[in-house]
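Only one structure is covered here, and it is reproduced in the block below.
Every heavy atom of this structure was used, including side-chain atoms; hydrogens, water molecules and symmetry mates were not.
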Amino acid sequence: MAKRLIPSLNRVLVEKIVPPSKTSAGILLPEKSSKLNSGRVVAVGPGTRDREGNLMAVCVKEGDTVLLPEYGGTQVKLVDKEYHLYRDEDILGTLHD
């Protein structure tokens, strides 16, 4: 089994962020209260080329926290961890504190 994946073209490898199911005080949270479909970018491809042959770089970089669509992406399993592979244009935006 592969240990590392380097995305091709404009693909982005994302590890989804699982929201906590309970607070630090031990109170269980309902599933809907903390459902924000987000993830951390693990790896990015080099980008695609336009009609003139110029490189169009990917909009996100490794370590960014991104907002993901509810559906889509390709599920990838590497070394007992689950990742998702998205196209750059499928990512809805970046999240900042």
Side-chain angles (χ1 to χ4, degrees):
M1 179 177 271
K3 295 182 181 180
R4 185 169 182 224
L5 175 74
I6 299 172
S8 61
L9 298 174
N10 64 340
R11 304 299 196 282
V12 178
L13 187 66
V14 176
E15 181 179 12
K16 285 197 174 181
I17 296 173
V18 179
S21 59
K22 62 175 146 177
T23 65
S24 59
I27 299 171
L28 294 174
L29 298 171
E31 185 178 323
K32 300 236 180 209
S33 70
S34 58
K35 186 168 181 168
L36 180 62
N37 205 13
S38 61
R40 185 180 60 83
V41 175
V42 177
V44 296
T48 58
R49 301 228 176 240
D50 62 8
R51 290 181 186 218
E52 288 79 37
N54 300 320
L55 184 66
M56 296 173 36
V58 178
C59 295
V60 295
K61 61 185 182 303
E62 291 181 22
D64 282 354
T65 302
V66 293
L67 184 62
L68 302 170
E70 189 172 347
Y71 302 104
T74 303
Q75 185 175 346
V76 179
K77 210 169 196 184
L78 297 171
V79 191
D80 298 331
K81 277 193 165 183
E82 189 176 294
Y83 300 96
H84 289 79
L85 200 57
Y86 291 93
R87 291 177 189 255
D88 182 39
E89 58 266 8
D90 290 342
I91 293 176
L92 302 175
T94 57
L95 299 171
H96 303 276
D97 289 333

If you look at every heavy atom in Pro46 and Ser8, which pair is closest and at what distance?
CD-C, 4.4 Å
Shortest non-hydrogen pair, Glu82 vs Gln75, comes out as OE1-NE2, 2.9 Å
Checking Arg40 now: which residues fulfil salt bridge (charged side-chain N to carboxylate O under 4.0 Å, His left out) with it, not counting sequence neighbours?
Glu15
Show which side-chain atoms of residues 89-97 pair as donor or acceptor with protein atoms under 3.5 Å away, not counting sequence neighbours.
from  : atom 1 : to    : atom 2 : distance (Å)
Glu89 : OE1    : Asn10 : ND2    : 2.9
Thr94 : OG1    : His96 : NE2    : 3.0

Contacts under 3.5 angstrom, residues 52-66 side chains, donor-acceptor by atom type, not counting sequence neighbours:
from  : atom 1 : to    : atom 2 : distance (Å)
Lys61 : NZ     : Asp64 : OD1    : 3.3
Asp64 : OD2    : Lys61 : N      : 3.1

State, with a plain yes or no, whether a side-chain heavy atom of Tyr83 is found less than 4.5 Å away from one of Leu5.
no
With side chains defined as the heavy atoms from C-beta onward, is the minimum distance between Asn37 and Lys16 less than 4.5 Å?
yes
Indicate, with yes or no, if Tyr86 and Val76 share a hydrophobic cluster defined by side-chain heavy-atom contacts under 4.5 Å among Ile, Leu, Val, Met, Phe, Trp and Tyr.
no
Please report the interatomic distance CG(Leu85) to CZ(Arg87), rounded to the nearest 0.5 Å.
9.5 Å
